[in-house]
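Computed from a predicted structure; not experimentally measured. The figures that follow rest on heavy atoms only: side chains count, while hydrogens, waters and symmetry mates do not. By convention in this document, chain letters (A, B, ...) are assigned in the order of the sequence lines, proteins followed by strands, and residues within each chain are numbered from 1.
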2 protein chains.
Amino acid sequence: MHKTLKHEAKADYLLEKGSEILWSRGYNGTSVNDIVKAAGVPKGSFYFYFDSKEDFAVKSLERYFAIMFKPAAEVLHNTDASPKQRLLTFYRFRLEKMKGEHECTMGCMACNLGNEMAEHSEQIRNTIVSIESRIKGEIIKVVEEAQQAGEIRSQLSPNQIVSFIEDAGKGALTTMKETQSPFPLDNYYHFIENVILK
Amino acid sequence: MHKTLKHEAKADYLLEKGSEILWSRGYNGTSVNDIVKAAGVPKGSFYFYFDSKEDFAVKSLERYFAIMFKPAAEVLHNTDASPKQRLLTFYRFRLEKMKGEHECTMGCMACNLGNEMAEHSEQIRNTIVSIESRIKGEIIKVVEEAQQAGEIRSQLSPNQIVSFIEDAGKGALTTMKETQSPFPLDNYYHFIENVILK
DNA sequence: GGTTACTAGATGACTGGTCATATATATTTA
DNA sequence: TAAATATATATGACCAGTCATCTAGTAACC
């Protein structure tokens, strides 16, 4: 079907209203009804804008990554600072953003949906894996630069380093959500700065 | 209500049969029907053995931690080895156990349920937080010993170190599940051994 | 008889998804 | 220009099935 601009705008509106519910309540905890009610749109319209609830989740994730990563990416690529400094600012930036989310109670949307659905929806799993790997790629480049500049040690490969930092961040977000406290994220940053990126 | 031995045995049987479903499909993805069907127990009986689905999840988590942590704890307290060696063996042991779970597709039950339900069930959140903090306490003691023995550096507090390692582990399990690969766990151990516990 | 252990079946609200139908907006034709 | 046609969008009633939970009862034992 041909998608008009108007079509896309309303689909975006549904995503805007529904994504936070999905983030908070998870895939199986969110009903299509919840989404359309939040947007004030009749039930029947949902399936005009999305193929299925699964399709809505995929587009929600894409939107989430776009919103969360884009501003942070600018920090990452801002060549006024040295590679290492850019990495630190980048992680600090992301972390503060996550801490701000509803008193540390919501965690990371991708982690939530990944943990819940990776085993049961290839669409959702693929969306998360492919976007995360693209983001990782961008960070890896900066780590390579930092290694070449001698700012951080070179015994570990950039992929190992970035994989570990990214994974540790996911876990910190999980614990943040469980304990409803920013400590895990602050502790995480402390390790990045003082132990990992050395 | 007075609980007989027989009563407890049958409740355990329901937990044994239902926990894996809960682990795999999550809280909202698992129905009471799924659980009783898996155990071959009449539907009406469920509420004779458990107060609610939420109660079942709490007891499932307690069972999960007991099964996963108990054997690992023996490694942790086996005083034949030095504190640092015990820590490394402990983490290696746990990691191999998690890698074995269904080709890396299931992740960690507590992370799954925590991410899904922490915001919506105080019972589930409290269960996870309190058990994890007890486990953390046991590990912290060994880190203290290792620091006193000069086996690992002392600039960081044992609580900081253990918090970070535990959180990083959760994230590694999340990525393991997303990517269906053991790499995140192996990379995690590599960092514990060569970067964190130094 | 009385107490406790257990369970079949029902409850009403809710699930993701479909459908026929209605209207609004473009596009084409005369 | 106006009329005719086609397409895009809107809508809520409606599936068949599932949800967590409860009630009212039977079965078992003392």
Using a distance-only test with no angle check, is there a side-chain donor-acceptor pair under 3.5 angstrom linking [X] and [Y]?
X: A:E54; Y: A:S121; value: yes
X: B:E116; Y: B:N28; value: yes
X: B:E151; Y: B:S82; value: yes

With sequence neighbours excluded, residues passing salt bridge (charged side-chain N to carboxylate O under 4.0 Å, His left out) with B:E20: none
Salt bridge (charged side-chain N to carboxylate O under 4.0 Å, His left out) partners for A:K177, two or more places apart: none
Between [N] atom [atom2] and [X] atom [atom1], what is the distance in whole Å?
X: A:I35; N: C:dT15; atom1: CD1; atom2: P; value: 11 Å
X: A:K37; N: C:dA13; atom1: NZ; atom2: C1'; value: 11 Å
X: B:F48; N: C:dA8; atom1: CZ; atom2: P; value: 14 Å
X: A:L22; N: C:dG16; atom1: CG; atom2: P; value: 11 Å

Name of the residue among B:E96, B:E166, B:R86 meeting side chain to side chain donor-acceptor pair (under 3.5 Å) with B:Y91: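 Only match with B:Y91 under side chain to side chain donor-acceptor pair (under 3.5 Å): B:E166.
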Letter per nucleotide, 5' to 3', of nucleotides 12-27 of chain D [B base touched, S only sugar-phosphate touched, - untouched; heavy atoms, 4.0 Å]: B------SBB------
